[in-house]
Amino acid sequence: MDLLDGLNPAQSEAVQIKSGPLLILAGAGSGKTKTLTNRIAYLIANDSVMPSEILAVTFTNKAAREMRERLGVLLKQSSAHRGFMPWMGTFHGICVRMLRIDGEAVGVPKNFVIYDEDDRQGLVKQVMKRLAISDNDIKAKSVSAAISSSKNEMVSPEEYEASAQAPYQKNVAKIYKKYEELRKIAGALDFDDLLIEVVHLLRESSTVRTKWQKNFKHILIDEYQDTNAAQYNIIKLLVNDQRNICVVGDDWQSIYSWRGADFTNILNFERDFKGAKVIKLEQNYRSTGNILDAASNVIAKNVNRTDKKLWTTVGPGAPVQVHELYDEAEEANLVAERISSHVAMGARKFGDFAILYRTNAQSYTLERAFLRFRVPYQIVGGVRFYDRKEIKDIIAYLRLTYQPQDRMSFSRIVNIPTRGVGAMSLEKFLLWQSESGMDIITALASVEQTSTITAKAKSALADLGEKLRSAQSDLETTSPNEIIEKILSLTGYRQYIADGTPQAEEREANIGALLSDAQNFATLPDFLEEVALMSSADTSSDGQKVTLMTLHAAKGLEFPVVFIVGVEEGILPHAMVYEAGTAELEEERRLMYVGMTRAREELHLTYAASRIQFGVRSYNPVSRFIEDMGNQVALSAPVAPHFTPSQEFYSDELFTVGEHVRSSSFGTGEVVEVDGLALTIKFDNGQTKKLNIEYARLEKI
DNA sequence: TCATTTAACGTTTTT
DNA sequence: CGTTAAATGA
């Protein structure tokens, strides 16, 4: 197969440039991923570069997976086996691999665990408690954010402390310092540490640096506009004298500056790598003319941007359609109804549609409308599978057996299932454990020696220690799957979650899903890494469902029909940026641009005259971005509000005592008392609940 | 110590 | 509005 087939001249040139720095400025829908993939294939097939000598960084795990599969097809190789393109992945994933190999050179333990946002906030809370800093004026969440941005800018606790002026900052500095201390003791790295520890590693050990520089003959970075300071440093440290670095990006699509991403990295590429070749991809293969023009008009209002002119040979297509609605329920109904009728007509399938919104909270109303219209949907983002309580519990057990210094995990599971160890006993035990110098599992075995803990708690802790030690034995040779099974049976976790409610079945099913996931991994650290770094945007779609997601999560995707909902002042642009300044407003504009350019054939924008936000009804004016689009849009007259029942299960039939009902949340039961809208129901699992007819979603059976 | 009730609080986006 | 943390009572 000719690897240049189907490429335009600019793409083809980008594929064939053999060496030296290369900057590909790729507009939305210009075939950027295709170019990158073919370039890698070309390097392997024509320049005899080994796959293991190519460092290829993508923005999400999903993007990496897809690119790996496409490469497999292009090169007629199986992409399934481990080791095919071992260095293709996200920055975070690649950094984990490097740290597992060489991290000890900078004091990163071999068996480090990865703390996610929840873990970080939990540890911050512990630190604040210990430092006796009240959470009234300082919130763990904002401290966590401050630590994260400091790390992204490579500011150490000491440097932060030195520059702290206000008492607030001084307190944050204290917390940051102590947080780092405890995190290190726990043998853990947070997301941001993964990057900065690699920077330390490459800076401090010239042996390690030279080794990797020699290994990576080619470096390719996708979405370069979204790299932060730490990532930029990693790239600079890995590039060798050959300077075979190729970056792809689009400053118009930079939407992660709040996470430390700095799109000036892409603007400065030619300065950083002198003599770089620059190729612009400006032909758009995705959207119709009207969509492209409207999107270009929106982005044109930004001052801080490069110039480029996207064009297409596809005709103008349908105009962008703007719909004004009465409220958020009407908005959701319009979307659901349109989709359902288009599919009924046979014009589209459900998988052709995507609904994009600015905030996750907006998905709620849409979901309800979709349920009512029986439109199958799938949410990308939102609660990750690995963030569910029962999954996190089991992961905590796994992490603790793997890294017995991990106090966060221990604190989580010490009383799960409940074994009579409360907050007091936990605190006393941890205090004693940290003074003793033993790891947690060893300390549990010697818990008899302590004087402060009650006898009941002592025996519970000793028993837990016994179980953990048994799970810990032959960790090296046991598959993740077997370890999970072992933990489940040792702790009786399955019985613990089986409480007779319908949710219990779901939890049980989730554990089953976890077990089958785990089967794909040979070793525990591999599995734990996947769990930690798998993002919520990595959910794969099966093409049979409507996709709901945030505008951020939509980056890099495309759909025949796109709805962007809530195109209102205060939402898009978000109210948070009004006081923040023009830079933030420009980012909102880029976000709008990214959303619009996801559409291939049809783009619908909706806004509601009123909607409930934070529990109160608010009235947002239409977004300025719609005005900016110019005359590519068709405004549809506002639809007069029509009555919609507030709940799908609401019925005007009255319930009477003795009737059997089914509730979506409690299972089946019998009505024992009726008091106006209030029903008292005795459920089959033994509980008795007082429910409101209007909201309880009851079904007669 | 634990389960149930009550209060407070929050919504920007996420590797 | 919906979720989660604190407070209360058993």
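Computed from a prediction, not measured in an experiment: that's the story for all the values here. Every chain is numbered from 1 and lettered A, B, ... according to where its sequence line falls, protein lines coming before strand lines.
- The NZ-P distance, from Lys129(A) to dA6(C), rounds to 8 Å in whole Å.
- At a threshold of 4.0 angstrom between heavy atoms, the contacts of Asn360(A) are confined to the sugar-phosphate backbone, with no base atom among them.
- Counting non-hydrogen atoms under 4.0 angstrom, Lys139(A) reaches the backbone sugars and phosphates but no base.
- Ring geometry for Trp252(A) versus Tyr593(A): interplanar angle over 60°, hence perpendicular rather than tilted (30 to 60°).
- Among the protein residues, Asn415(A) comes within range of the sugar-phosphate backbone only, with heavy atoms under 4.0 Å from sugar or phosphate atoms but none that close to a base.
- Geometric assessment of Lys555(A) against the ring of Phe59(A) yields a positive cation-pi assignment under the 6.0 Å and 45° thresholds.
- Atoms CZ (Phe91(A)) and P (dT15(B)) sit 15 Å apart, rounded to a whole Å.
- Between the CZ atom of Arg368(A) and the C1' atom of dG2(C) there is a distance of 12 Å, given to the nearest Å.
- At a cut-off of 3.5 angstrom, the base of dT12(B) holds no donor-acceptor pair with the side chain of His574(A).
- Relative to the side chain of Lys141(A), the nucleotides dA5(C), dT14(B), dT11(B) differ in distance, and dT11(B) lies closest.
- The side chain of Tyr364(A) places an N or O atom within less than 4.0 Å of a non-bridging phosphate oxygen (OP1 or OP2) of dG2(C).
- Within the 6.0 Å centre-distance limit, the rings of Tyr496(A) and Tyr493(A) are counted as a close aromatic pair.
- Look at the P atom in both dT4(C) and dT13(B): the space between them is 15 Å, to the nearest Å.
- Nearest-nucleotide assignment on DNA chain B puts the 5′-proximal partner with Gly422(A), out of Leu195(A) and Gly422(A).
- Within the 4.0 Å cut-off from OP1 or OP2 of dT15(B), not a single side-chain nitrogen or oxygen of Thr60(A) is found.
- When the options Leu585(A), Ile255(A), Val298(A) are evaluated for a side-chain contact (heavy atoms from CB on, under 4.5 Å) with Arg590(A), the one that passes is Ile255(A).
- Nearest to the side-chain atoms of Thr550(A) among the listed nucleotides dT1(B), dT14(B), dG2(C) stands dT14(B).
- Residues Phe429(A) and Phe410(A) place their aromatic rings such that the two centres sit under 6.0 Å apart.
- Taking the side chain of Thr359(A) as heavy atoms from C-beta on, and the options dT13(B), dT15(B), dT14(B), the nearest nucleotide is dT13(B).
- Where stacking is scored as ring centres under 5.5 Å apart with planes under 30°, Trp258(A) registers as stacked on the base of dT13(B).
- Residue His552(A) has its side chain nearest to dT13(B) when only dT15(B), dC2(B), dT13(B) are considered.
- Set against dT11(B), dT13(B), dA5(C), the side chain of Lys125(A) has dA5(C) as its closest nucleotide.
- Between Glu588(A) atom CD and dT11(B) atom P there is a gap of 16 Å when expressed in whole angstrom units.
- Considering only the side chain of Arg358(A), dT12(B) comes nearest among dT12(B), dT11(B), dC2(B).
- For the pair Phe191(A) CZ and dT14(B) C1', the interatomic distance rounds to 9 Å; values are reported in whole Å.
- Asn152(A) has no side-chain polar atom (N or O) that falls below the 4.0 Å cut-off from OP1 or OP2 of dT15(B).
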